[in-house]
Amino acid sequence: MTALSEHAVPRNPGWLHRAEAWLDDKGKGAWIASMVLGFIFFWPVGLALLAYMIWSKRMFSKSCSRRHSWHSHMSAMKPSGNSAFDAYKADTLARLEREQQDFEAFLHRLREAKDKAEFDQFMNERAQENTADDKDETA
């Protein structure tokens, strides 16, 4: 006989296995939400879910994912040892930084133009209200 793997699915999974698979698909937040709801409605259920999450390592399985992601971004900054590729990478990064700065400047100009248009519209409406009030007073 072979040992069952972590991902082995029974031929006719029961409701408990389907619920576990559904919570796994939704992520750690769904497990935590179900545990909190278990504590709210009937505390032994919440306690059982907490124990199961710790026992099955679901509670701590993805605790270092951000650190791993940050590490992979930092490794992109290290030189590769190939001078031609490093020069290409440096040029590409410099070009992307220039494009980002140009885009941010464009967005700034766009926001300023929108603000000016909104202010001009406000001033025109205010001027129209003042002229309408002046006409009403003279009549």
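The figures that follow rest on heavy atoms only: side chains count, while hydrogens, waters and symmetry mates do not. Residues: numbered from 1 along the sequence shown.
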Please list every donor-acceptor pair under 3.5 Å in which a side-chain atom of residues 94-103 meets a protein atom from a residue at least two apart or in another chain.
{"from": "Arg95", "atom 1": "NH1", "to": "Glu99", "atom 2": "OE2", "distance (Å)": "2.9"}
{"from": "Gln100", "atom 1": "NE2", "to": "Glu104", "atom 2": "OE2", "distance (Å)": "3.3"}

- [ ] Verify the cluster assignment for Phe39 and Tyr52: are they in a single hydrophobic cluster under the rule of side-chain heavy atoms below 4.5 Å apart?
- [x] yes

TODO: May I have the step-by-step check of side chain to side chain contact (heavy atoms under 4.5 Å, CB included) for Thr92 and Lys89, ending in yes or no?
DONE: CA-CA 5 Å; Thr92 302; Lys89 183 171 70 170; 5.7 Å; no

TODO: Any chance you could measure His108, atom NE2, to Arg111, atom CZ, to the nearest 0.5 Å?
DONE: 8.5 Å

Open item on the list: Can you tell me how far apart CG (Asp86) and NZ (Lys78) are? Round to the nearest 0.5 Å.
Closed with: 13.0 Å

Task: Note, Lys116 side chain near Phe119 side chain (heavy atom, < 4.5 Å) - done: no

Would you mind writing out the side-chain donor-acceptor pairs for residues 41-48 within the sub-3.5 Å range, not counting sequence neighbours?
none

